[in-house]
Protein chains: 2
Amino acid sequence: MGVIETTKVRARRAPEAPVDLPIGRILPGDCVEAMRRLPDASVDLVFADPPYNLQLGGDLNRPDGSHVDAVTDHWDQFSSFKAYDDFTRAWLTEARRVLKPDGALWVIGSYHNIFRVGAILQDLGFWILNDVVWRKTNPMPNFKGTRFTNAHETLIWASMGEKSRYQFNYRAMKTLNDELQMRSDWVIPICSGAERLKENGTKAHPTQKPEALLYRVLLATTEKGDVVLDPFFGTGTTGAVAKRLGREWIGCEREEFYRGVATKRIEKELPLDESALTTMQSARAAPKVAFGAVVEAGLIPPGTQVFDKKRRWVATVRADGSLVHEKATGSIHGLGKDLQGAPSCNGWSFWHFERGGKVEPIDAARQDWLLANED
Amino acid sequence: MGVIETTKVRARRAPEAPVDLPIGRILPGDCVEAMRRLPDASVDLVFADPPYNLQLGGDLNRPDGSHVDAVTDHWDQFSSFKAYDDFTRAWLTEARRVLKPDGALWVIGSYHNIFRVGAILQDLGFWILNDVVWRKTNPMPNFKGTRFTNAHETLIWASMGEKSRYQFNYRAMKTLNDELQMRSDWVIPICSGAERLKENGTKAHPTQKPEALLYRVLLATTEKGDVVLDPFFGTGTTGAVAKRLGREWIGCEREEFYRGVATKRIEKELPLDESALTTMQSARAAPKVAFGAVVEAGLIPPGTQVFDKKRRWVATVRADGSLVHEKATGSIHGLGKDLQGAPSCNGWSFWHFERGGKVEPIDAARQDWLLANED
DNA sequence: AGCTTCCGTGAATCACCCA
DNA sequence: CTGGGTGATTCACGGAAGC
């Protein structure tokens, strides 16, 4: 009753000592400097939408803050790649330090920068879990007809390392995708209409991301109460969606103007209530039930005949929850595995029994046990 | 009148001196060594499907217990990112040397390798024109429910430099995409069924690419007679499609087994005949052929009655190539659009006429015109 | 013949707890 | 850190087999 279902694939991270974090605040100044003031291993997720500005002549700054001139010829091109790489390595390094061992990173970019970002984050030890394509339903056409319509951007989702136990709300994603596994290509419209923030009639930020994108990212890879850090906060899409979904957030943003826009925006945002936040639960996240407990409770009494769906094998339930089939014995899983000669077997779905004239998987009895034993 | 419209975005490359190239041959051995024997600036396009450097753990089984046949071949094994980067830099450097100044490069990869490949090719001076996402209609699911279904691969299309005049057949792509600009995400099934090459009942190559992918690449960025080099030839998909489309090809392949499979395969491949190729050329030139030229040539004389397939509307052809229906007039496209109240209309397929007792779309007359006006 | 069902398979970085 | 036990987990398509 009243338990918020979480959707964790992995076991909860070990409880951490409380740390002092600027939750719900936008830190001014350069994001590398700002992140340096945060403690080690303190945030659950970093979502970053760094400047793409290679070859665009925009404002590209070296880590020391000096400005890189717009470039066209080859030598400068190289110098600009170098500067961009240094910048990327600097903020990714800080992000890595600030992330918990089981935390994760999302970065979004286009072909101008995403290959460099991806290679550098691999070099730093991040372990790529997926690259995700944001497929835009309404991209800007290629007016000159010289290339393919640039109709997507790329996100990289990475854990801290190969062995780290990242959060993935598999069931929530499957539910969101009409009971099919969520794929690595997401069809989402660009941000426009009422969602697009305006100041004095013009768009407040040139690259405002759609809230649907952040919604999916946060729903998929965080749980309620997790701390999300966005080093390139802009107009605060990450903060707004985090607040709505009951996640904590921290932003970094250099430009005072954007900080103002974001603050106003997030103030207006209302968290969803508890019931709306409840998501579908993965079977993996459910408490484990021993088959013996189900037998002990009398839901499947000792002596019951259980069998696979095609009735190739019939086994008898013993008092301790083990099964016997001819001379073979074992747990519901182990015996199912051995009989089939399979590498593994989920006994709950493999074995069936008759109850009230109907054939049901023994998992039905487990569900009954769970219902009866709620706290 | 009567000028054949080509679809090149850029001016034609300057005529080159003939060079001695192993056209239509598969070079054995390491591709870097093999490419070293090719002259500078001699090929128009490089298409490369390098090893992805997958780093797989143990065995993987499906929920039904069956085993997943993973790519564990020795050619995909690298000891470190450094080793993979060195390998990548080596083959890209040779590819760059062999490419003409206005040539272009395609590389396909997954998140395991594509970020490293992309960053290195940028470092070498290649200029990325698009990243293209191959969205698989039927990818393998994520059996354990631990990530998003990895449902796409990424291609990078790059020219030799920012100023180089690459080939892009905009019109052909727009036609292929139902009169919409071709986007950077391509929906194509994985290679299976009859197209999937088998030897002794098992797949000949673990990573055979679909011909539709190569078809689109070659149709978009080469013209008839261009030389296409594939340094990782495998079972020769590039060669087969190149031959079909009237492009010249050169392959490199280390494994004798694959060379044998590819040779047999390409021998069986028949080039599309002139008329089919012409059809394609005309298709891409579609709107550029004035209906007036077809009328002027007498293929559809002024006064001819044209009508839509269901004969809801009948119009009369005027001498200048415009159409009249009651009081409405316009081009074949404009009038068709207006009568239907549609946002757009391809008049070539909308309007029909009678010829020799048969009803044909007026596009048939355009095909005849193109055949008669070939150079 | 035609329809349905079953089965195989594809570039995959594919579990986690506890002793 | 390793090993062993429990138990969670799949989509589209083509071809064969069954009806």
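Please read all numbers here as calculations on a predicted model, not as lab measurements. Reminder, nothing fancy here: chain letters follow the sequence lines and each chain counts from 1.
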Pick base, sugar-phosphate or nothing for [X], based on heavy-atom distances below 4.0 Å to the nucleic acid.
X         : value
Ile128(A) : base
Asn142(B) : base
Pro210(B) : nothing
Cys345(A) : base
Asp363(A) : nothing
Ala194(B) : sugar-phosphate
Pro139(B) : base
Leu180(A) : sugar-phosphate
Lys209(B) : base
Ser110(B) : nothing
Asp76(B)  : base
Ala70(B)  : base
Gly334(A) : nothing
Arg366(A) : sugar-phosphate

Among the nucleotides [options], which one has an atom lying closest to any side-chain atom of [X]?
X         : options                   : value
Gln55(B)  : dT13(C), dC11(D), dA12(D) : dT13(C)
Trp348(A) : dA11(C), dA8(D), dT13(C)  : dA8(D)
Ser192(B) : dT10(D), dG14(D), dT9(D)  : dG14(D)
Met140(B) : dA12(C), dA11(C), dC13(D) : dA12(C)
Leu60(B)  : dT10(D), dA12(C), dA8(D)  : dA12(C)
Tyr111(B) : dA11(C), dA12(C), dT10(D) : dA12(C)
Asn346(A) : dA12(C), dT9(D), dT10(D)  : dT9(D)
Ile190(B) : dG10(C), dA15(C), dT10(D) : dG10(C)
Phe143(B) : dC13(D), dT10(D), dA8(D)  : dT10(D)
Val68(B)  : dT10(D), dC14(C), dA12(C) : dA12(C)

Which of Trp157(A), Tyr166(A), Trp134(A) passes ring-ring contact (aromatic ring centres under 6.0 Å, His included) with Trp106(A)? It is Trp157(A)

Hey, what do you get for CG (Leu323(A)) to OG1 (Thr304(A)), rounding to the nearest 0.5 Å? 10.5 Å

Rounded to the nearest 0.5 Å, what's the gap from NZ on Lys136(B) to CZ on Arg183(A)? Could you check? 10.0 Å

Atom pair distance, as rounded to whole Å: [atom1] in [X] and [atom2] in [N]:
X         : N       : atom1 : atom2 : value
His333(A) : dG7(D)  : NE2   : P     : 4 Å
Glu153(B) : dT13(C) : CD    : C1'   : 14 Å
Arg147(B) : dA15(C) : CZ    : P     : 9 Å
Asn61(B)  : dC14(C) : CG    : P     : 13 Å
Lys136(B) : dG10(C) : NZ    : C1'   : 8 Å
His205(B) : dG10(C) : NE2   : P     : 13 Å
Ile362(A) : dG7(D)  : CD1   : P     : 10 Å
Lys198(B) : dG10(C) : NZ    : P     : 8 Å

Rounded [atom1] spacing from [N] to [M] in Å:
N      : M       : atom1 : result
dA1(C) : dA17(D) : C1'   : 15 Å
dC7(C) : dT10(D) : C1'   : 14 Å
dG7(D) : dC18(C) : C1'   : 15 Å

Could you tell me whether Asp85(B) and Lys82(B) make a salt bridge, using a distance below 4.0 angstrom between a side-chain N and a carboxylate O? no

Just by distance, no angles: are the side chains of [X] and [Y] close enough, under 3.5 Å, to form a donor-acceptor pair?
X         : Y         : result
Gln367(A) : Asp363(A) : yes
His112(B) : Ser110(B) : yes
Arg265(B) : Thr237(B) : yes

Is there a Watson-Crick or G-U wobble partner for dC11(D) with both distances under 3.5 Å, and which nucleotide is it? dG10(C)

Any strand, both distances under 3.5 Å, Watson-Crick or G-U wobble: dA19(C) pairs with dT2(D)

Look only at the side chain of Arg62(B) and the backbone of His67(B), and say whether a donor-acceptor pair between them is shorter than 3.5 Å. yes

For a quick check, tell me whether the side chain of Arg62(B) and the base of dG10(C) share a donor-acceptor pair closer than 3.5 Å. yes

Check: Ser344(A) side chain, dA8(D) base, donor-acceptor under 3.5 Å: yes

Which residue, Thr137(B) or Ser331(A), contacts DNA chain D at a nucleotide closer to its 5' end, judged by nearest heavy atom? Ser331(A)

Assign each of Gly347(A) and Gln181(A) to its nearest nucleotide of DNA chain D by heavy atoms, then name whichever residue's nucleotide is nearer the 5' end. Gly347(A)

Trp127(A) stacking on dT13(C): centroids under 5.5 Å, ring planes under 30°? yes

Report yes if at least one side-chain N or O of [X] is closer than 4.0 Å to OP1 or OP2 of [N]; otherwise report no.
X         : N       : result
Ser282(A) : dT9(D)  : yes
Lys174(A) : dT10(D) : yes
Lys144(B) : dA12(C) : no
Tyr166(A) : dA15(C) : no

For a salt bridge (Lys or Arg N to Asp or Glu O under 4.0 Å) check, start with the C-alpha distance between Arg171(A) and Glu179(A), then their side-chain angles and the critical distance, and finish with the verdict. CA-CA 9 Å; Arg171(A) 200 64 192 69; Glu179(A) 290 306 311; 3.0 Å; yes

Classified by glycosidic angle (syn within 90° of 0, else anti), dT5(C) comes out anti

